[in-house]
**Student:** 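Below you'll find the structure I mean.
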Amino acid sequence: MPYLGCEETVKELKRALSNPNIQADRLRYRSYITRVIRSMTQGLDVSALFMDMVKASATVDVVQKKLVYLYMCTYASHKPDLALLAINTLRKDCADPNPMVRGLALRNMCNFRMPGITEYIQQPILTGLRDKASYVRRVAVLGCAKMHSLRPSTEIDPSIVNELYALLRDPDPVVMVNCLRALEEILREEGGVVINKPIAHHLLNRLKDLDSWAQSEVLIFLMRYRPRGDDELFDVLSLLDEFLQSVHTPVMAATLRLFLRLAAAHPAVQADALLRARGPLLAACGSASRELRFAGLCHVQQVLRSQPALYSGQYKRFFCGYSEPGYIKLRKMEILVELVNDENVVLVLEELKSYCTDVSPELAQAAIAAIGHIGRTYTEKCLDILTGLLALQQEHVTSAVIRTFRDLVWFCPQSIGAVCRAVEVCGENPQDTEGKQALLWLLGMHGEQISSAPYVLEGFIDGIKAELSSAVKTELLTAALKLFLCRPAETQDMLGRLLHYCIDEESDMCVRDRALLYYRLLQCGVDEARKILLGPESDPSMTVLAGRPEEPVGCWASGFNTLGPLAGADAHPDAPPADSSAQHCHSTEEEVVSKPPCQACPESAGAAEGPRNTGDSQEEPGLTLGPPLSHEAFERLWVELRVLHRQTLGFPPPAAPPETLQAVLQLVKVQALAFSRCEARPWKAYVCARAGSTLVLAELLHGDPAVPDSQDALLLSVKQRPENLQAIRGFVSVLHNALQTLSSDRT
Amino acid sequence: MISQVFILSSQGDHLIYKDCILMHYSQENSLDLYLKLVGITILLSVQCPQRNKNLNFIHVRHSGLYWVVSTKDNPSPFTIIEFLNRLAALTKDYCGSLSEKSVRMNFALIYELLDEMVDYGYIQTTSTDILKNFIQTEAVTSKPFSLFDLSNVGLFGAETQQSKVAPSAAASRPIVASHGEQVRKNEIFVDVVERLSVVIGSNGVLMKADVEGEIRVKCYLPTCSEMRIGLNEEFSIGKSQLRGYGAAVRVDECSFHQAVKLDEFDTYRILKVCPSQGEQTLMQYQLSDELPCAPPFRLFPTVEKDYGSRLLIFLKLRCDLPPKSVAINVSVTVPVPKGSLSLSQELSSPEQSAELQPRSKAVLWTIPRFPGGAQLSAVFKVTLGFNAHGLYSVRSASLLEVGPISMSFELPKYTCTGLQVRFLRLSPTQPGLSQRWVRYVTHSDSYTIRI
């Protein structure tokens with residue numbers, strides 16, 4: 001907030017600060033310095049006062065010193081030459097008998113951001129490390145890290161590193177934690193501070209003396225330690241046990257994460273830890289601070305991914321409070337959907353129903369969608385509620401209900417009759433694009449059961465000139481044609497008008513082409529059109545898969561207690577900044593890839609027909625299709641990268657035709673770029689896939705005389721950018737399974 | 001690791017800005033980008049962490065101010081949120097109250113606090129016991145010194161009896177007394193605060209009742225060796241355990257602050273603690289589903305269609321508190337159909353008021369004071385307007401839009417669980433004047449009644 005006439009302010013302050021009368025009056029002098037800092041905070045450039053402030057730093061008044069130091073740290077980089085003048089005062093203060101003054105001077109000297117400062121601060125820091133006051137040692141230890149960050153290119157001084165490792169045994173807990181932090185910064189290139197057995201045990205034993213901030217940080221450092229053998233593991237876990245129920249949510253969350261990681265091989269221990277942490281986590285969900293509540297809810301969602309039943313008994317804790325902000329209510333609804341079981345379904349639905357009349361359309365629609373989701377299991381109860389909501393005759397409610405109906409019909413064929421009756425009596429049509437599309441889809445798909453379908457469609461066709469969305473127009477074309485196939489007499493005339501309008505007057509090419517396609521299709525004969533247009537009315541594969549499979553804890557444990565869960569489903573497409581402090585290269589955890597819930601849309605019917613090995617495809621670190629890679633880009637990358645992984649697959653190349661091969665790979669989310677013909681020798685194939693944020697490229701080779709390994713089995717070579725060994729492992733096993741299935745099918 | 005700390009006013013002005021690590025971020029580059037991304041007006045409704053380029057922003061809201069942290073890592077959200085909450089609490093302790101004005105006036109003090117709390121982006125300490133040695137700046141309070149305050153305390157002070165009332169503003173002053181002040185008030189406040197969330201079904205059945213409670217101590221004593229707080233002897237934790245012969249005071253779960261010594265808790269229900277200056281939460285407890293008393297309010301609603309385009313809502317509200325207690329600041333929110341245009345009401349006393357909130361389409365009925373055992377009734381006549389499709393007469397569906405009714409209120413001197421502080425002793429007894437206050441209050445977190 002720069003003021004007009006800010007120069008006058010600076011001039012006035014300068015006059016005042018250099019006035020000897022004011023300098024003599026301690027309180028007035030300080031009040032002017034305060035004004036300088038205030039202007040600085042408001043964004044005014046007061047660097048012109050640097051000289052006067054340097055003078056003001058030579059004082060016995062600690063408050064004034066602190067203010068001046070604050071100013072100096074901000075502007076030292078602007079005025080490096082003047083800042084050097086202040087160094088002398090600071091170095092003198094570093095030898096002050098008062099530890100507070102020593103610490104203050106050392107801390108601020110390290111905060112100066114200017115080149116060449118390191119030669120002045122090195123000696124005071126080294127002295128500070130051996131100071132008898134813990135306050136000064138704390139500052140000096142972090143000073144080592146600051147010094148390193150000021151000249152990152154220089155060699156690491158081994159004597160400082162040794163000294164810091166030795167200071168891990170310091171009696172002051174904050175000094176100890178600061179040592180960990182400083183070592184982590186200094187040794188970042190080498191993988192951070194090393195937590196070996198003596199250090200880990202030392203940290204575990206000191207854990208009780210630390211305050212909650214230090215505890216949660218040390219627990220994160222301990223994630224690096226791998227106990228040798230089960231005996232040590234259980235000793236460690238029993239030491240940690242009490243922290244699992246800490247009042248401090250950060251400590252509890254960090255302990256739980258550490259538990260999940262250490263006990264990765266003992267699912268029963270993990271389950272027990274989750275159960276014990278349930279109380280504290282629920283307390284976070286009911287905390288007075290909304291933000292903490294939100295974070296707690298997001299983490300409960302993570303736990304539910306592998307243990308849906310854990311919180312079922314506590315479902316009432318997730319009822320929305322009326323004054324809660326929308327983002328908390330949305331999360332709570334998502335959780336409620338997960339918690340539904342036979343006992344609580346009636347109460348949960350009643351609760352959700354009361355949210356459907358919320359003032360905020362967004363919340364009302366989310367509540368309706370949630371009811372629809374529960375409807376996949378408890379169809380009848382939900383249909384009653386949804387049908388009742390149509391009577392409200394509010395646009396946003398009607399639209400959401402119709403959309404929910406569409407999804408419900410697709411997943412639960414038994415609901416078709418009831419939905420059709422409800423749509424029949426619904427007095428109002430949705431006005432938004434999404435809702436219109438859903439209604440049209442229903443009319444087209446189940447037109448023969450909705451007696452008013454032709455009249456509704458006619459309304460749409462009459463209003464097509466005013467329709468803006470091309471998606472709605474395309475849907476309208478499809479619906480009209482499908483309805484024509486089952487009720488030709490009532491629909492023929494309006495279909496003609498619609499096709500005529502779309503072909504002759506429509507400016508949108510997509511709509512026009514679709515109309516032309518349908519027109520020509522009808523020319524081929526009604527039976528042809530029926531064969532092509534009428535697909536399955538519901539998703540056959542979905543009836544088998546009741547509910548979401550429980551994921552293993554490992555899928556989400558690595559992201560627990562980070563910002564990951566808070567980002568939720570609408571996560572940024574680019575990967576989160578690497579969690580460099582906690583999981584280094586020796587991390588073996590899987591990348592968390594948020595898998596969006598399968599959108600219910602008719603187009604997915606094709607994919608569902610193929611062979612599905614649902615069992616293990618859930619376990620793989622998620623491969624995703626993403627935008628297809630062009631051949632040129634693939635070629636460029638292939639030349640650029642080096643082979644990271646090479647392995648022979650124990651079977652010959654599949655004899656299936658390339659189309660089948662491509663379809664199968666598509667199913668496991670691998671993009672196929674090029675194949676040789678089946679009988680060609682050498683046989684080659686190039687494929688690629690995306691796993692999380694990395695791109696995996698691979699070549700399959702068979703029968704190349706130049707490569708001996710490929711003589712009797714397939715040779716797989718994998719390249720990747722950026723490198724992630726875990727993703728490669730996942731990719732190789734996916735590919736291996738898919739190809740093996742194909743080869744064995746043949747035999 | 002924290003990169004920057006900001007305190008923003010509700011308009012988005014920087015009140016406090018601290019760059020913790022030695023990176024050459026310019027202030028504008030990161031925060032203004034963030035604000036552009038979020039928009040300060042939208043900031044109100046936006047959830048917690050925001051990601052912008054390679055900085056993560058996490059904010060919390062307190063007293064209309066935004067407390068923002070930016071970080072380059074992927075830290076524990078709980079840690080950052082707790083840190084910001086703690087920063088806000090400490091600022092409140094040191095400045096007396098929390099508002100844009102007090103932060104502006106005390107910015108030097110807050111910088112000093114931040115300087116000691118965070119070094120190079122790492123949290124060093126947030127305990128008042130340690131901080132008080134380093135914090136030198138005196139707080140500037142906006143309230144002028146008034147003799148009336150002193151006399152007030154002189155009239156009531158000295159003893160902890162429930163009937164004596166602590167002045168309401170007594171606990172909102174800086175914990176460190178300024179040197180100018182002649183009489184240092186050695187006071188200690190023990191607050192039992194409960195938050196009640198209740199859902200009552202349309203048939204009047206209690207569907208959900210949760211109580212989240214805490215015992216908070218606000219200490220102004222410069223030194224205090226040990227304090228003993230005695231709770232009800234019948235206090236029991238969990239379902240199986242029952243104590244004493246009187247009505248049991250039961251909670252489901254209970255957790256204590258690290259500093260609380262519990263050696264006498266099992267037998268005598270005594271908490272021992274050496275409170276440090278400022279505010280601390282000693283104990284938190286939860287109770288679900290089984291309230292020892294009836295929910296404080298019952299509502300008997302009737303919704304009818306009137307002739308034409310009118311809707312009649314009769315509400316009969318009964319307060320089931322014991323006759324001595326009283327509920328204050330009661331407000332009842334009745335959602336009405338979206339097409340509602342105007343409201344006419346009949347209320348039983350002039351101090352009550354009711355109005356139609358045009359934005360949220362709800363009738364807000366406010367009752368400043370509602371004694372226990374009393375019953376109030378109100379009639380609301382809501383006129384509906386036209387909707388997009390023409391005439392909007394009262395359909396049976398518009399009745400569906402009425403409800404659920406939500407209430408907010410405050411119950412001073414009352415706890416739903418029945419938790420009481422039997423005694424409060426300081427040992428050794430403080431030499432000078434020391435005043436001990438025990439206060440009870442129950443807030444409505446969410447009180448919903450379905451129709």
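So you know, we letter chains A, B, ... as the sequences are listed, proteins then strands, and number each from 1. The structure presented is a predicted model; accordingly, all values stated were derived computationally and were not measured.
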**Student:** Walk me through whether Asp358(A) and Lys329(A) qualify under salt bridge (charged side-chain N to carboxylate O under 4.0 Å, His left out).
**Tutor:** CA-CA 11 Å; Asp358(A) 200 286; Lys329(A) 284 187 178 171; 3.6 Å; yes
**Student:** Checking the side chain of Ser255(B) only, and the main-chain atoms of Val247(A) only, is there a donor and an acceptor separated by less than 3.5 Å?
**Tutor:**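 Side chain of Ser255(B) to backbone of Val247(A), a donor-acceptor pair under 3.5 Å: no, none is there.
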**Student:** Examine whether an atom of Leu15(B) lies under 4.5 Å from a heavy atom of chain A, and if so say whether it belongs to the side chain, the backbone or both; otherwise answer neither.
**Tutor:**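 Interface part for Leu15(B): backbone (N, CA, C, O).
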**Student:** Would you give the length of the straight line joining atom CG of Leu150(A) to atom CZ of Phe112(A), rounded to the nearest 0.5 angstrom?
**Tutor:**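 Result: 12.0 Å between the selected atoms.
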**Student:** May I ask you to name which of Met207(B), Arg86(B), Gln284(B) has the most heavy-atom pairs under 4.5 Å with chain A?
**Tutor:**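 Among Met207(B), Arg86(B), Gln284(B), the one with the most close pairs to chain A is Met207(B).
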**Student:** Please state whether the side chain, the backbone, both or neither of Gln64(A) comes within less than 4.5 Å of a heavy atom of chain B.
**Tutor:**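 Neither part.
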**Student:** Please name all residues satisfying side chain to side chain donor-acceptor pair (under 3.5 Å) with Ser408(B), sequence neighbours left out, ordered by chain then number.
**Tutor:**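 In terms of side chain to side chain donor-acceptor pair (under 3.5 Å), with neighbours along the sequence ignored, Ser408(B) is linked to Ser331(B).
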**Student:** Check each atom of Ala288(A) against the heavy atoms of chain B and say whether the ones under 4.5 Å are side chain, backbone, both or neither.
**Tutor:**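 Interface part for Ala288(A): both.
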**Student:** Name the region of Ile16(B), side chain, backbone, both or neither, that has any atom closer than 4.5 Å to a heavy atom of chain A.
**Tutor:**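 Just its backbone gets close to chain A.
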**Student:** For Ser360(A), is it the side chain, the backbone, both or neither that has a heavy atom under 4.5 Å from a heavy atom of chain B?
**Tutor:**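 Neither part; nothing is under 4.5 Å.
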**Student:** Which heavy-atom pair separates Tyr315(A) from Val348(A) by the least distance, and what is that distance?
**Tutor:**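 Looking at all heavy atoms of both residues, the shortest contact is CD1-CG2, 3.7 Å.
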**Student:** Please state whether the side chain, the backbone, both or neither of Pro335(B) comes within less than 4.5 Å of a heavy atom of chain A.
**Tutor:**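 Neither the backbone nor the side chain of Pro335(B) comes within 4.5 Å of chain A.
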**Student:** Select, from Gly143(A), Ser216(A), Cys320(A), Ala145(A), the one with the greatest count of heavy-atom pairs under 4.5 Å involving chain B.
**Tutor:**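 Of the options given, most contacts go to Ala145(A).
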**Student:** May I ask you to decide if Lys208(B)'s main-chain N or O and Lys316(A)'s side chain share a donor-acceptor pair within less than 3.5 Å?
**Tutor:**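 No, the answer is negative, given that no donor and acceptor are paired below the 3.5 Å cut-off.
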**Student:** Given the options Thr125(B), Ile130(B), Asn85(B), which has more heavy-atom pairs under 4.5 Å with chain A than any of the others?
**Tutor:**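 Going by pairs under 4.5 Å, I would pick Asn85(B).
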**Student:** Based on non-hydrogen pairs under 4.5 Å, which of Gln258(B), His257(B), Glu214(B), Lys361(B) is most in contact with chain A?
**Tutor:**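 So the answer, after comparing Gln258(B), His257(B), Glu214(B), Lys361(B), is Gln258(B).
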**Student:** Quick one: closest heavy-atom pair of Asp119(B) and Val139(A), and the distance?
**Tutor:**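 Closest heavy-atom pair between Asp119(B) and Val139(A): OD2-CA, 4.3 Å.
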**Student:** Checking Glu82(B) against chain A: side chain, backbone, both or neither under 4.5 Å from a heavy atom?
**Tutor:**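 For Glu82(B), backbone and side chain are both near chain A.
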**Student:** Which pair of non-hydrogen atoms, one from Gln215(A) and one from Leu210(A), has the smallest distance, and what is that distance?
**Tutor:**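 Heavy-atom minimum between the residues: NE2-O, 3.4 Å.
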**Student:** Which one wins on heavy-atom pair count under 4.5 Å against chain B: Ser289(A), Gly321(A), Gly286(A)?
**Tutor:**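 Result: the option with the highest number of such pairs is Gly286(A).
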**Student:** Against chain A, label Met407(B) side chain, backbone, both or neither, depending on which of its atoms sit under 4.5 Å from a heavy atom there.
**Tutor:**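 The answer is the backbone of Met407(B).
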**Student:** Would you say the side chains of Glu194(B) and Tyr285(B) form a donor-acceptor pair under 3.5 Å?
**Tutor:**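 Note: Glu194(B) and Tyr285(B) side chains meet the donor-acceptor criterion.
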**Student:** Need one label for Asp210(B): side chain, backbone, both or neither, based on atoms under 4.5 Å from any heavy atom in chain A.
**Tutor:**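 Answer is side chain: those atoms of Asp210(B) sit under 4.5 Å from chain A.
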**Student:** Which region of Glu185(A), side chain (C-beta onward) or backbone (N, CA, C, O), has a non-hydrogen atom less than 4.5 Å from a non-hydrogen atom of chain B, or is it both or neither?
**Tutor:**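 Side chain of Glu185(A) only, per the 4.5 Å heavy-atom cut-off to chain B.
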**Student:** Sort Glu324(A) into side chain, backbone, both or neither according to what part of it lies under 4.5 angstrom from a heavy atom of chain B.
**Tutor:**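 For Glu324(A), neither part sits under 4.5 Å from chain B.
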**Student:** Could you look at Phe83(B) and say if it's the side chain, the backbone, both or neither that has a heavy atom under 4.5 Å from chain A?
**Tutor:**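 Both parts, backbone and side chain.
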**Student:** What part of Leu70(A) gets within 4.5 angstrom of chain B, counting heavy atoms only: side chain, backbone, both, or neither?
**Tutor:**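 Just the side chain, heavy atoms under 4.5 Å.
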**Student:** Given a strict heavy-atom distance threshold of 4.5 Å, which part of Leu330(A) is in contact with chain B: side chain, backbone, both, or neither?
**Tutor:**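 Looking at Leu330(A), nothing touches chain B.
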**Student:** Can you check whether Glu242(A)'s main-chain N or O pairs, donor with acceptor, with Ser246(A)'s side chain at less than 3.5 Å?
**Tutor:**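 Here the side-chain-to-backbone pair does not exist.
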**Student:** Between Glu350(A) and Ser354(A), do the side chains contain an N or O donor and an N or O acceptor separated by less than 3.5 Å?
**Tutor:**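 Side chains of Glu350(A) and Ser354(A): no pair found under 3.5 Å.
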**Student:** Would you mind checking which part of Phe134(B) comes under 4.5 Å of any heavy atom in chain A, side chain (CB onward), backbone (N, CA, C, O), both or neither?
**Tutor:**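 For Phe134(B), the contact with chain A is made by backbone and side chain together.
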**Student:** What part of Asn561(A) gets within 4.5 angstrom of chain B, counting heavy atoms only: side chain, backbone, both, or neither?
**Tutor:**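 For Asn561(A), heavy atoms of backbone and side chain both lie under 4.5 Å from chain B.
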**Student:** So what's closer than 4.5 Å to chain A heavy atoms on Asp252(B): side chain, backbone, both or neither?
**Tutor:**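 Neither part.
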**Student:** Checking heavy atoms, do the side chain of Leu67(A), its backbone, both or neither come under 4.5 Å from chain B?
**Tutor:**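 Looking at Leu67(A), just its side chain touches chain B.
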**Student:** Which one of Lys18(B), Gln124(B), Arg359(B) has the most heavy-atom pairs closer than 4.5 Å to chain A?
**Tutor:**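 Highest number of pairs under 4.5 Å: Gln124(B).
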**Student:** Among side-chain atoms of Thr126(B) and Trp213(A), is any donor-acceptor pair under 3.5 angstrom?
**Tutor:**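 There is such a pair (donor and acceptor under 3.5 Å, judged by atom type) between the side chains of Thr126(B) and Trp213(A).
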**Student:** At a heavy-atom separation under 4.5 Å, does Tyr355(A) approach chain B through its side chain, its backbone, both, or neither?
**Tutor:**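 Looking at Tyr355(A), nothing touches chain B.
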**Student:** Between Phe6(B) and His59(B), is the ring centroid distance below 6.0 Å?
**Tutor:**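 Aromatic pair excluded; centres sit 6.0 Å or further apart.
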**Student:** Please state whether the side chain, the backbone, both or neither of Arg38(A) comes within less than 4.5 Å of a heavy atom of chain B.
**Tutor:**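 Both the backbone and the side chain of Arg38(A) come within 4.5 Å of chain B.
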**Student:** So which part of Lys66(A) gets closer than 4.5 Å to some heavy atom of chain B, the side chain, the backbone, both or neither?
**Tutor:**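 For Lys66(A), the side chain is the part near chain B, not the backbone.
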**Student:** Could you look at Ser197(B) and say if it's the side chain, the backbone, both or neither that has a heavy atom under 4.5 Å from chain A?
**Tutor:**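 For Ser197(B), no heavy atom lies under 4.5 Å from chain A.
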**Student:** What are the two closest non-hydrogen atoms of Ile451(B) and Ser202(B), and how far apart are they?
**Tutor:**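 Nearest heavy atoms, Ile451(B) then Ser202(B): C-CB, 3.5 Å.
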**Student:** Closest heavy-atom contact between Asn178(A) and Arg138(A)?
**Tutor:**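 Smallest heavy-atom distance, with atoms named: ND2-O, 3.3 Å.
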**Student:** Check this for me: does any side-chain nitrogen of one of Arg107(A) and Asp115(B) sit under 4.0 Å from a carboxylate oxygen of the other?
**Tutor:**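 Yes, charged N to carboxylate O under 4.0 Å.
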**Student:** Checking Arg181(A) against chain B: side chain, backbone, both or neither under 4.5 Å from a heavy atom?
**Tutor:**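 Both parts, backbone and side chain.
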**Student:** Partners of Arg151(A) by salt bridge (Lys or Arg N to Asp or Glu O under 4.0 Å), sequence neighbours excluded?
**Tutor:**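 Residues passing salt bridge (Lys or Arg N to Asp or Glu O under 4.0 Å) with Arg151(A): none at all.
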